[in-house]
Structures are given as C-alpha cells and as structure tokens.
Amino acid sequence: MRCKYGLKTEQTNRTQPEEKQAASAPILSVEGLKTYYYSNGTAAPAVDGVSFELHAGEIVGIVGESGCGKSTVVRTLMGLLDPISSRREAGTARLGDIDLFSLRPKELCRVRGKRIAMIFQNPLSALDPVYTVGNQIMEMLLLHEKMTRQQARERAIELLREVNIPSPELRVDQYPHELSGGMQQRVMIAIALACNPEILIADEPTTALDVTVQAQILDLLRQLRDRLGIAVILITHNMGVVAALCDRMLVMYGGVVVEEGSCKEVFSHPAHPYTKGLLAAIPSVAQDKERLYTIPGQVPVLRLPVRMCRFSSRCGCSMPRCEQEEPPLTERAEGHWCRCWQESGKEVPADGENS
Amino acid sequence: MEKILEVNHLNKHYPVKKGLILQKEIGQVRAVNEVSFDLFRGETLGIIGESGCGKSTLIRMLIGLEKPTSGQIRFLGQPIENGMSASLRKQMQMVFQDPYSSLDPRMSVQRILEEPLRIHCKMSKQQKEQVILPLLGQVGLPREALKKYPHEFSGGQRQRIGIARALVLEPTLLLCDEPVSALDVSIQAQILNLFRDLQRQHELTLLFVSHDMSVIRYISDRVMVMYLGQIMEIATKKELFERPLHPYTQALMRAVPVPDPERRDQCAVLEGEIPSPIHAPKGCPFSTRCPYASEICRQQRPQMHRTGEGHLTACHRYSGEVEG
C-alpha cells in the first residue's frame with residue numbers, strides 16, 4: 001500500500017520509518033555521495049549518488065552483489081580510498097556537527113577509530129601478525145585516550161571479556177594466528193569497540209566464517225547494540241544475515257540505492273524488481289523449491305553519464321521509459337523508498353519460470 | 001538401484017611432526033575418520049559441514065588427489081583406492097570451488113575444453129568441435145567464447161567453463177567441491193539451475209559439497225552431515241530437513257539465518273567452536289559442544305544407528321535403535 005508519493009531529492013527532509021527515531025536527529029547523515037574509480041582515462045561510477053541516515057542504536061544493512069558499490073560507500077566515509085585510482089566526486093557526510101569530508105588528515109584520525117570504527121571481512125589479514133592481540137587493542141586506547149599502558153592493558157582484557165572470549169587474561173598475550181577465525185573476528189570487534197565509538201561499520205563481518213560461528217558473531221553484534229547503544233552499518237551480500245540483524249536496509253545496485261526501508265517492510269513487500277529477484281533467487285532451508293528464479297544476465301559495466309535505469313537490461317518488466325531516463329527514489333509506503341518507474345511493480349514468480 | 005560408488009571405512013590421517021631435523025611424530029590429524037557411504041546412479045548426494053570437517057579431503061581421495069591411509073573405495077565395481085585405469089578415470093570428473101584458479105590463464109577456452117579429449121580420446125579437430133560446441137550451448141556460453149581466455153569472463157561464466165570441461169568426457173560421476181560458494185546470489189541461482197538441467201540431460205550422478213544448508217537442500221536427494229572428519233548423519237533430504245536427529249544437524253539448521261525478519265528469534269546460537277583436529281575429542285567429536293552430552297559421549301565414539309528409512313545417525317541417544 002502506498003501512503004504517499006514524494007520525490008526524494010537531496011533537499012527533502014525525510015520522514016523516519018519508526019516513530020521512536022523521528023524525535024532524534026541522525027548521528028550520521030550522508031547526502032549525494034559519489035565516488036568514481038578511474039582506469040585508462042575512463043570513469044566508473046562505483047557510487048553514484050547515495051544518501052542515507054543512521055540513528056543512534058540502529059542497525060542498517062547495505063546489501064547488494066559484488067560490484068554494487070556497498071563497500072566503496074563506507075570506504076569513502078572512512079577515508080580509506082586509494083587516492084590514485086579513485087576519487088570522491090560529490091557528497092557530504094555529517095557526523096553530528098562535523099563534516100567528515102572537510103576534515104584534515106590529522107583531524108580525521110581523531111574521528112576514525114574514536115567515533116567511527118570499522119571491522120573487516122578477513123580478520124586474519126586485518127590483524128597485524130607480529131603483535132599480540134592485546135597490543136593491538138592497546139594501540140587504539142593509547143592513541144585516542146589518556147591512559148597508561150597498565151590501564152590500557154586492563155581495559156584490553158575487559159574488552160576481550162566483553163566480546164565473549166574465554167580466559168581473556170591468557171588470550172591478551174597471544175598472537176592472531178593462535179586464534180580461530182571466530183576468535184579473530186571477536187578481537188577485531190574488541191579493537192573497534194575500544195574507544196566506545198558511536199558507529200560501528202562492519203564490512204562483510206561473517207562472510208569468511210562458518211554458519212555456527214556466524215550465528216555467534218551476529219548474536220554478539222546484537223548484544224552490543226542492546227547493551228552499548230552503538231549504531232551499526234552492516235555490509236553484506238547475505239539476505240539471511242540482514243533479516244537476522246538489521247532494523248533498516250538499503251539495497252544497492254550499480255552504485256545507487258534501489259530500495260530502502262525497514263527490514264520487515266522490504267522483506268514482506270519488496271518493491272524493486274531487483275530486490276524481488278534477489279529474494280526469489282535464494283534457495284531456502286525451510287522449504288523445497290522446484291526451481292530457483294534467476295535474474296538473467298550480469299551486472300552491466302556502466303559508462304557515464306547514466307541516463308537509464310541501471311537494472312533495465314536485466315529487468316523482466318522494463319519499459320521504453322526505463323531505457324531513457326533514470327528513475328528517482330520515490331516513497332512507496334512510509335519510510336519505504338524504491339527507484340523504479342513501475343508504480344507497484346510486477347510480481348516475480350516464486351519458482352523461476354523465466355529460464 | 002545400481003551403486004556407483006561404495007566407500008568403506010575410509011580414513012585419512014596426517015601426521016603432526018615436531019622438530020626441525022629429527023621430526024618426531026607427536027600426533028595425528030584425522031581429517032577423514034571411518035567414513036562409509038554408498039552413492040547410487042542418478043542421485044545427488046550433498047555433503048555438508050563446516051570448515052575442517054573433512055569434506056574436501058574426502059572428495060580429493062575419491063578423485064585420487066590424495067591417497068587414503070586405509071579403507072576401500074569401489075567405483076563402478078572396481079577398487080580405486082590405489083589409483084584407477086584411464087578408462088575408469090574418464091568416468092569421474094570434478095568441478096572446483098574457485099573458478100579463478102582452476103582455469104589455466106594461458107589457455108583459450110577451446111584448448112581448456114579440448115584438453116580432456118586430447119588426453120583420453122583420439123579425435124580429429126572436427127570431431128572435437130562436434131563434442132565441444134553443443135556442450136558450450138548447454139552451459140550457456142556463446143560460440144565466440146571459444147577463442148577467448150579465462151580472464152575475459154566473469155566468475156559465473158568461468159564456473160560455466162569449468163563445468164563444461166568436466167562434462168566433455170561424458171562422465172558418470174561429477175564431484176563438485178563448493179562450486180557456487182565464490183559466486184553472487186543471482187549467479188549462484190543460475191549455476192544451481194544449470195547443474196539440475198545438466199544432470200537430467202547427461203544422467204549424471206552428483207556428489208555435491210557445500211557449507212550452505214539452503215544450497216544443499218535445493219540440489220540434493222540425500223544429504224550427509226560431517227563434523228571433524230566423521231559422518232554425523234546421513235538421510236534423504238526430506239528426512240534430514242524435516243526430522244533432523246543428530247544434535248549437530250539440529251544446531252546447524254538453527255544457525256542458518258533465514259531471509260525473513262519475522263522469524264528472527266528462531267536463530268539459536270551453538271556455543272563454543274570446532275575443536276582443533278589435532279586434539280580431537282576421544283568419544284563423539286561433537287561431545288564438547290553438544291547440549292545432550294553425557295559420560296558415554298565423551299568416552300566412546302558412537303556407531304551409526306538406523307533411525308529411519310535410509311536414515312543413519314551417529315549418536316548415542318539413538319543407540320536403542322538397530323545398528324545400521
């Protein structure tokens with residue numbers, strides 16, 4: 001059901017999906033973010049106009065397949081882009097009252113790690129193999145907080161306990177290779193939490209882990225949110241992980257957000273053909289599927305300027321208009337936005353009939 | 001039904017050595033421990049387990065990339081644990097996990113697909129083309145792909161090349177080691193459907209390894225659950241997913257996040273982690289994490305008990321049932 005219909009532009013003040021959040025101002029608001037990658041003189045629009053807001057204590061999921069720009073969004077926010085091959089073209093990101101992109105490198109260092117922390121997909125390559133895990137947690141504390149080494153060490157042990165590592169007094173002096181993958185990811189989380197950040201960015205935190213360990217890490221992230229009120233941006237390609245953890249989700253395709261809304265709303269009433277296709281393409285543990293729906297073709301290579309719907313070449317219900325004009329994000333239900341010319345969108349068959 | 005593959009008490013133990021010069025053996029990693037199962041013509045057996053459960057080692061022993069420490073493997077009625085003849089070799093092919101490292105970057109797709117024919121069959125150029133071209137269509141690649149090199153393709157297309165290469169010799173049995181785990185969801189769906197179509201067209205028997213429960217449910221007829229080198233449970237897909245008996249299978253099912261936010265609470269967490277295979281538990285390998293573990297579980301390794309039609313479970317809780 002569509003309650004109202006409005007264009008989402010960069011100036012629009014957007015209503016929040018849930019009432020409890022309507023009162024609070026967002027702790028992070030990203031507007032019109034564009035990041036392009038350059039190679040051989042051509043620009044590839046990895047992120048092409050992404051806007052979103054994050055509220056305290058909220059878990060927002062960014063989902064999409066490889067190459068959709070989901071990692072580039074957070075890398076741009078954290079200032080982790082390779083300056084030679086990529087450039088932020090436009091956009092603002094406000095963390096409270098400061099503009100992240102206007103900070104000088106030294107100022108950014110005071111924010112990064114202290115107010116926004118990040119955990120990565122592969123914990124073994126993100127941790128330094130020649131330092132003990134205790135040292136790596138203490139590094140954060142000594143850099144950002146006024147602490148003696150002794151205090152930092154005690155806090156490190158406390159942090160390891162907080163992320164449910166058994167016998168933290170022993171683990172603190174171990175090296176990353178002595179820990180299992182799940183433990184390494186917990187250490188990563190402990191490092192990220194060291195300075196009580198407001199925002200935790202998790203870039204595919206469970207992709208390298210087994211399902212039973214994945215469930216433990218997701219459970220830990222949920223506990224941390226409940227206990228510390230930390231806001232989380234979770235990047236993943238796994239729809240199950242989003243459903244298990246997130247309050248709100250953004251679906252990205254070809255560098256833009258194609259659908260945004262509360263998890264409940266998007267999973268129960270997906271509006272964009274890509275989201276519908278993605279949900280129908282997942283095999284289910286709960287039931288037998290006769291045949292999987294497949295989205296035909298592959299992610300296209302985009303050339304600038306983009307003057308069409310980025311999904312039109314793979315979309316089952318594309319119209320002539322889709323080839324000529326890029327659709328804007330429009331509100332389909334309260335807090336549920338979709339980038340599609342189809343007003344309601346055709347249904348995707350549950351069992352694939354297209355292939 | 002005809003048995004394609006019979007595996008009996010298969011073991012693969014790796015020695016753990018210590019010291020630089022006098023390498024003293026201090027222990028063993030039992031990567032695959034007393035594994036027995038049968039595979040019937042035309043079926044798909046899914047093998048599921050977490051990392052370190054021995055599923056890849058098992059597959060590598062079946063295809064001859066590893067030599068078993070002990071045990072028997074019979075393929076099409078002949079023992080193969082000490083290698084197989086060329087004519088038998090043709091009947092078993094493999095699709096690998098990583099479509100990037102399993103294709104030679106310096107060979108064109110045509111050479112990649114012709115290589116098995118060059119080794120196993122004497123064929124003229126035209127004959128080879130007659131085999132390759134229809135196959136290329138079946139896996140959904142255009143004819144122009146023949147002249148290209150692997151780097152010109154995306155991950156999904158490379159996996160299609162890998163599948164075509166495995167099918168060139170018209171094998172009876174196809175071993176698939178995590179063939180979709182490196183692919184995106186929409187591409188994964190394409191490849192899974194392709195496996196199903198090809199299985200019908202070529203009357204293939206599939207042994208399909210995956211760590212993803214939902215993939216296994218989609219592709220398999222029967223499912224085998226492994227943990228620390230041992231089979232925990234083996235049953236038809238319907239039985240296993242509707243009536244999982246082994247505590248590990250039950251935990252595994254509950255750990256999978258379901259893409260439905262309404263059912264969030266059903267996701268329960270299994271405590272602890274997989275023990276190191278060097279210090280594997282003495283009794284049941286799952287006893288360190290099992291909520292039902294008792295004294296006998298820690299002391300004695302459970303046998304496979306028949307717990308239903310074609311349903312075997314290695315758990316002391318079902319020891320009252322007939323031994324299978």
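In what follows, every heavy atom counts, from backbone to side chain, and hydrogens, waters and symmetry copies are set aside. Sequence lines set the chain letters: A, B, ... in the order given, protein chains first and strands last, and positions in each chain run from 1. Note that the structure is predicted; figures quoted are calculated from it, not measured.
Neither the backbone nor the side chain of B:I219 has a heavy atom closer than 4.5 Å to any heavy atom of chain A. With a threshold of 4.5 angstrom between heavy atoms, B:K238 does not approach chain A through any atom at all. Using a 4.5 Å cut-off between heavy atoms, B:D197 touches chain A through its side chain atoms alone. Looking at A:S284, only its backbone comes within 4.5 Å of chain B, counting heavy atoms on both sides. For A:L209, no part lies under 4.5 angstrom from a heavy atom of chain B. At a 4.5 Å heavy-atom cutoff, the contact between B:Q157 and chain A is made by side-chain atoms alone.
Salt-bridge annotation for B:D221 and B:K237: absent, with no side-chain N of the basic residue lying under 4.0 Å from a carboxylate O of the acidic one. A salt bridge does not link A:E259 with A:R339: none of the charged nitrogens is closer than 4.0 Å to a carboxylate oxygen. Under the 4.0 Å criterion applied to side-chain N and carboxylate O atoms, B:D98 and B:R158 are not assigned as salt-bridge partners. The existence of a salt bridge linking A:K264 and B:E262 is excluded, since no basic side-chain nitrogen approaches an acidic carboxylate oxygen closer than 4.0 Å.
The most heavy-atom pairs under 4.5 Å with chain B, out of A:R314, A:Q214, A:Q287, A:H237, come from A:Q287. In terms of heavy-atom pairs under 4.5 Å with chain B, the best-connected choice from A:P166, A:C246, A:G67 is A:C246.
Atoms CD1 and CG, on A:I217 and A:D210 in that order, are 11.5 Å from each other to the nearest 0.5 Å.
For the pair B:R317 and B:Y292, the cation-pi criterion (under 6.0 Å, within 45° of the ring axis) is fulfilled.
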